[in-house]
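To start, the structure itself, in structure tokens.
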Number of protein chains: 2
Amino acid sequence: MKNEERLDKGECKLRILPVQDALEILNGKWKLPIIIALLHGVKRFSEISREVTGITDRMLSKELRDLEMNHLVKRTVYDTFPVTVEYTMTEYGETLKDVIGALYDWGSNHRKKIFNFEKEEEKVNS
Amino acid sequence: MKNEERLDKGECKLRILPVQDALEILNGKWKLPIIIALLHGVKRFSEISREVTGITDRMLSKELRDLEMNHLVKRTVYDTFPVTVEYTMTEYGETLKDVIGALYDWGSNHRKKIFNFEKEEEKVNS
DNA sequence: CAGGATCCTTGAGGATACTG
DNA sequence: CAGTATCCTCAAGGATCCTG
């Protein structure tokens, strides 16, 4: 029994570490929303800005740079006037689909749940 | 074509919203690590503290309160001396397994990838 | 043991204005 | 259009000490 507990404790940390690695790349309010927008196709700066509601230009600029540095997003500049810039998910960025899918499913389901919880609490308080 | 673009834009926002809902519950450095620890079994305060490396008592206390408020974690007090407190995942909290699984897979894989990226960059710089 | 209270630092993120 | 520059705020998070 003691051995099992020890193993479990070690295994527990081993389970946490990769998740922390992932969180370090995806942290903040905006990275995942931006990624979702780009998973829906090549986008320009202003398009992302419109689709990720509430984000400021400054944050969008900064987050895109972060994502590019982590090889999740590719930035392509076209020599037009005025200059055109396109953002694309890299192949590697596409591997985030599963993460986003899971978060999407859970988040969707969560709305219903909150509703139920609130009803229960009303009962208790009446 | 214009219609398709519009639909896609609307659909894009619809995809982002649930993820933002999820992020609002799970934000910060510590919530997911704590949840992972608890998915490995009932734990007491000090046990979580040991397994989630680096967290302070203050943060652990606060995050557990948040998670409890969101019905993800249950707190049980036993009338011993000194008092014993146990934290358990709720059934609802267990529904996060898929999210955590996806993040775990991606995070694990990411380490290998960084290694490759770094090797490529070495080549370029030589 | 299981935290609460207090104080402090840092950085995420917002607002606004400006530029090639 | 696609950002950069600047300034500012607030809250996440850390450090330390204290208690039933």
Side-chain angles (χ1 to χ4, degrees), chain A residues 5 9 16 19-35 37-38 41-70 72-89, chain B residues 5 9 16 19-35 37-38 41-70 72-89:
Chain A
E5 272 172 20
K9 228 170 267 182
I16 291 177
V19 174
Q20 287 181 320
D21 289 346
L23 290 178
E24 213 161 306
I25 311 290
L26 306 173
N27 62 22
K29 288 170 67 175
W30 300 117
K31 291 199 184 71
L32 284 172
I34 291 169
I35 290 169
L38 289 179
V42 179
K43 297 268 162 71
R44 299 171 60 178
F45 191 89
S46 47
E47 288 179 293
I48 308 173
S49 173
R50 247 174 283 127
E51 289 168 28
V52 179
T53 319
I55 195 169
T56 63
D57 286 356
R58 197 183 83 85
M59 285 311 290
L60 181 52
S61 170
K62 182 197 161 270
E63 300 291 66
L64 282 170
R65 233 178 294 138
D66 284 2
L67 295 173
E68 201 192 346
M69 277 182 40
N70 285 310
L72 299 175
V73 164
K74 205 180 83 188
R75 180 177 185 269
T76 315
V77 184
Y78 295 99
D79 198 8
T80 56
F81 184 80
V83 66
T84 309
V85 181
E86 274 184 4
Y87 292 93
T88 326
M89 289 308 282
Chain B
E5 271 172 18
K9 229 169 265 181
I16 291 177
V19 174
Q20 287 182 320
D21 288 346
L23 290 179
E24 212 161 307
I25 310 290
L26 305 173
N27 62 21
K29 289 171 69 175
W30 301 117
K31 290 198 183 73
L32 284 172
I34 292 169
I35 289 170
L38 290 178
V42 178
K43 297 269 162 68
R44 300 172 57 179
F45 190 89
S46 47
E47 287 179 293
I48 308 175
S49 172
R50 247 174 285 126
E51 289 169 28
V52 179
T53 319
I55 195 169
T56 62
D57 285 356
R58 195 182 85 85
M59 283 312 291
L60 180 52
S61 170
K62 182 198 162 272
E63 299 290 67
L64 283 170
R65 235 178 293 139
D66 284 2
L67 294 173
E68 201 192 347
M69 277 182 40
N70 286 310
L72 300 175
V73 164
K74 204 179 84 190
R75 180 178 186 267
T76 316
V77 184
Y78 295 99
D79 198 5
T80 56
F81 184 81
V83 65
T84 308
V85 182
E86 273 184 5
Y87 292 93
T88 326
M89 289 308 284

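The sequence lines fix the lettering, A, B, ..., with proteins before strands; numbering per chain opens at 1.
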Stepwise side chain to side chain contact (heavy atoms under 4.5 Å, CB included) test for I34(A) and I55(A): CA-CA 10 Å; I34(A) 291 169; I55(A) 195 169; 4.0 Å; yes
Side chain to side chain contact (heavy atoms under 4.5 Å, CB included) evaluation trace for L23(B) with K29(A): CA-CA 7 Å; L23(B) 290 179; K29(A) 288 170 67 175; over 6 Å; no
Proximity to DNA chain D (any heavy atom under 4.0 Å), residues of residues 22-31 of chain B only: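 Per residue number, the list reads G28(B), K29(B), W30(B).
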Interatomic distance where [atom1] belongs to [X] and [atom2] belongs to [N] [whole Å]:
X      : N       : atom1 : atom2 : result
D57(B) : dG13(D) : CG    : P     : 16 Å
M59(A) : dA5(D)  : CE    : C1'   : 16 Å
K62(A) : dA2(D)  : NZ    : C1'   : 18 Å
E86(A) : dC1(D)  : CD    : C1'   : 13 Å
R65(A) : dG3(D)  : CZ    : P     : 9 Å

Distance-minimising heavy-atom pair for V52(A) and W30(A): CG1-CE3, 3.6 Å
Comparing S46(B) and R58(B) on DNA chain C - which has the more 5′ nearest nucleotide: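 The 5'-side residue here is S46(B).
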Residue closer to the 5' end of DNA chain C, V83(A) versus E63(A) (nearest nucleotide):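 It is E63(A), whose closest nucleotide lies nearer the 5' terminus.
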Under 4.0 angstrom between R75(A) side-chain N/O and dG3(D) OP1 or OP2: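 Yes, because at least one side-chain N or O of R75(A) sits under 4.0 Å from OP1 or OP2 of dG3(D).
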Heavy-atom donor-acceptor pair, K62(B) side chain to R58(B) backbone, under 3.5 Å: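 Not a single qualifying donor-acceptor pair exists.
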Leading and trailing nucleotides of DNA chain C with any atom under 4.0 Å from heavy atoms of chain A: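 So the contact region on DNA chain C extends dG13(C) to dA15(C).
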From CG (L67(A)) to CG (L26(A)), nearest 0.5 Å: 8.0 Å
I35(B) CD1 to L64(B) CG distance, which is reported to the nearest 0.5 Å: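 Rounded to the nearest 0.5 Å, the CD1-CG separation comes to 10.0 Å.
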Partners passing side-chain hydrogen bond (donor to acceptor under 3.5 Å, both in side chains) against T84(B) (at least two apart in sequence or in another chain):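 T84(B) satisfies side-chain hydrogen bond (donor to acceptor under 3.5 Å, both in side chains) with T80(B) once adjacent residues are dropped.
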Sugar-phosphate only, base, or nothing, as touched by Y87(A) at under 4.0 Å among non-hydrogen atoms: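 Y87(A): backbone/sugar contact only, no base atoms under 4.0 Å.
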Worked verdict on V42(B) versus T76(B) for side chain to side chain contact (heavy atoms under 4.5 Å, CB included): CA-CA 10 Å; V42(B) 178; T76(B) 316; over 6 Å; no
Working for side chain to side chain contact (heavy atoms under 4.5 Å, CB included), residues Y87(A) and L38(A): CA-CA 7 Å; Y87(A) 292 93; L38(A) 289 179; 3.9 Å; yes
